[in-house]
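On a predicted model such as this, the values are computed, not experimentally measured, just so you know. To find a chain, count down the sequence lines: A is the first, B the second, and so on, and within it residues start at 1.
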Number of protein chains: 2
Amino acid sequence: MYDLLIGNIKELVPLTEDESKLIQKSFEPVHLKKKQFLLQSGEYSNHMRFISQGCVKLYNLDELGAEHILQFGISGWWINDLYAYLTQKPATFFIQAITQSTVLQIHRDRLNELFDKIHMMDRFFRIKTQNGYVALQERTINNMSQSAEQRYLEFIERYRDIEQQIPQYMLASYLGVTPEHLSSIRKNIRDY
Amino acid sequence: MYDLLIGNIKELVPLTEDESKLIQKSFEPVHLKKKQFLLQSGEYSNHMRFISQGCVKLYNLDELGAEHILQFGISGWWINDLYAYLTQKPATFFIQAITQSTVLQIHRDRLNELFDKIHMMDRFFRIKTQNGYVALQERTINNMSQSAEQRYLEFIERYRDIEQQIPQYMLASYLGVTPEHLSSIRKNIRDY
DNA sequence: CTATTTCATTAAGGTATCTTAAGAACGCTA
DNA sequence: TAGCGTTCTTAAGATACCTTAATGAAATAG
């Protein structure tokens, strides 16, 4: 269970055997049933979270109560309400399991200890966040310059593994369209 | 000129006098006239860039040649085609001065040297990128859940200093609407 | 195995935003 | 100060996407 985590870190930075063990000891596993919450709006997000197994969603609710999915997370991804984590303010997002999932999480205090003890942990999260930033930038550009149909086609090509774990209306929410509209987009594609 | 840069870093992490000097020596100033390019699509982005004075825009062109502004940068902000910088692939974005500007830039090789010499530089860019990520996430959510009018109102409230340095059609591009539509939004607001 | 909930589809009418085109205001520069 | 490029506005018609509502299919619970 921890191999995926340590492997994920070692992909980007070198770690000694001792460091790996120290990191491993700092994370605790959390098991989630389908639809169970890892974080709810209003709660404090005191952990960084790595998805070991399963599929979760990060979303918020607007004034009208409509759900907007900001991110999906599957095995090997990090997920959090980063703003709430960093500022220690109440979360504005929900993190909920879409399928039964296992998450490895580390408390902020433990992680900050790691940052001080292991220079490479600062670097790992720097690089990881940079990569996340770049991906989000690309999504922003795509949202600005592409039609819903183009965004849909790009998503299913790029994230086929995610598409297969989630219902279609959640994908619609992520893409920023109504389920009805996504359905009609798919119909158009079928009809060439 | 360098005070703003060093101050910007020291806001987030501590630096010794020696470290500050080393950092300062690693950056070089670039002066830009209005409309001059700091980076063009197809070029390599080998520098991290800090805006010391003025106002610049980061944008790309879609297949139809339409311009989409991803980010503005003013005095005290960092700006880059981060994907191109990190992957060392040709840039897909342009960075262009909106007003006469001064930029302090550091070559990737120098910056990587700093990362190895100064642990706090890794931390600084980790935190900086985390903050940028959070801001971009919020923008993404806003784009998904708010009308163009709401996004406009939020922008001018939050970034009054930027709004005053840029023409309205660039703000329209940033907000993801046509200049005509932004104009009509402003008219509606005027008429209450 | 049936009942119930969840999810996907279809269609009609409505709204936000775009496209195109034209003209007006502004600010440089000759 | 005249002229020219840049920016902003207005308006009409087009389009993408939404809302609502109803139906059917699939998954899940009892």
With a 4.0 Å cut-off on heavy atoms, is K34(B) in touch with a base, just the backbone sugar-phosphate, or nothing at all?
-> nothing

Less than 6.0 Å separating the ring centroids of F155(A) and Y174(A)?
-> yes

Protein-nucleotide distance (Q168(B), atom CD; dT7(D), atom P), rounded to Å | 11 Å

Ignoring backbone atoms, establish whether R186(A) has a side-chain N or O less than 4.0 Å from OP1 or OP2 of dA8(C).
-> no

pair M48(A)-L82(A): side-chain heavy atoms closer than 4.5 Å | yes

Report the distance from atom CD1 of I166(A) to atom P of dT6(C), rounded to the nearest whole Å.
-> 18 Å

Calculate the interatomic distance between I98(A) atom CD1 and dT28(D) atom P; express it in whole Å.
-> 14 Å

Count the heavy atoms belonging to other residues, nucleotides or ligands that lie under 6.0 Å from CD of Q24(A), then report whether that count exceeds 12.
-> yes

For atom CG of L182(A) and atom C1' of dT9(C), their distance in whole Å = 11 Å

If you check the S183(B) side chain, which of dC17(D), dT9(C), dT10(D) turns out closest?
-> dT10(D)

Protein-nucleotide distance (H68(A), atom NE2; dC18(D), atom P), rounded to Å | 11 Å

Closest-nucleotide 5' rank along DNA chain D - winner of Y169(B) and H181(B) = Y169(B)

Quick one: is T178(B) getting a side-chain N or O under 4.0 Å of the dC18(C) phosphate, OP1 or OP2?
-> yes

OP1 or OP2 of dA11(C) under 4.0 Å from side-chain N/O of K187(A) = yes

Quiz item: cation-pi between R108(B) and Y44(B), 6.0 Å / 45° | no

Whole-Å distance between dC17(D) P and M144(B) CE?
-> 15 Å

Take atom CG of N143(A) and atom P of dC17(D), then tell me their distance rounded to the nearest Å.
-> 11 Å

Given that I185(B) and E180(B) both sit by DNA chain C, which one's nearest nucleotide is further toward the 5' end?
-> I185(B)

Within 6.0 angstrom of Y133(A) OH, more than 12 heavy atoms from elsewhere | yes

With the side chain defined as heavy atoms from C-beta on, A148(B) is closest, among dA11(D), dT9(C), dT17(C), to dT17(C)

Side-chain contact check for P167(B): nearest option of dC18(C), dA8(C), dC8(D) is dC8(D)

For Q100(B) and dC28(C), give me the distance from atom CD to atom P, rounded to whole Å.
-> 14 Å

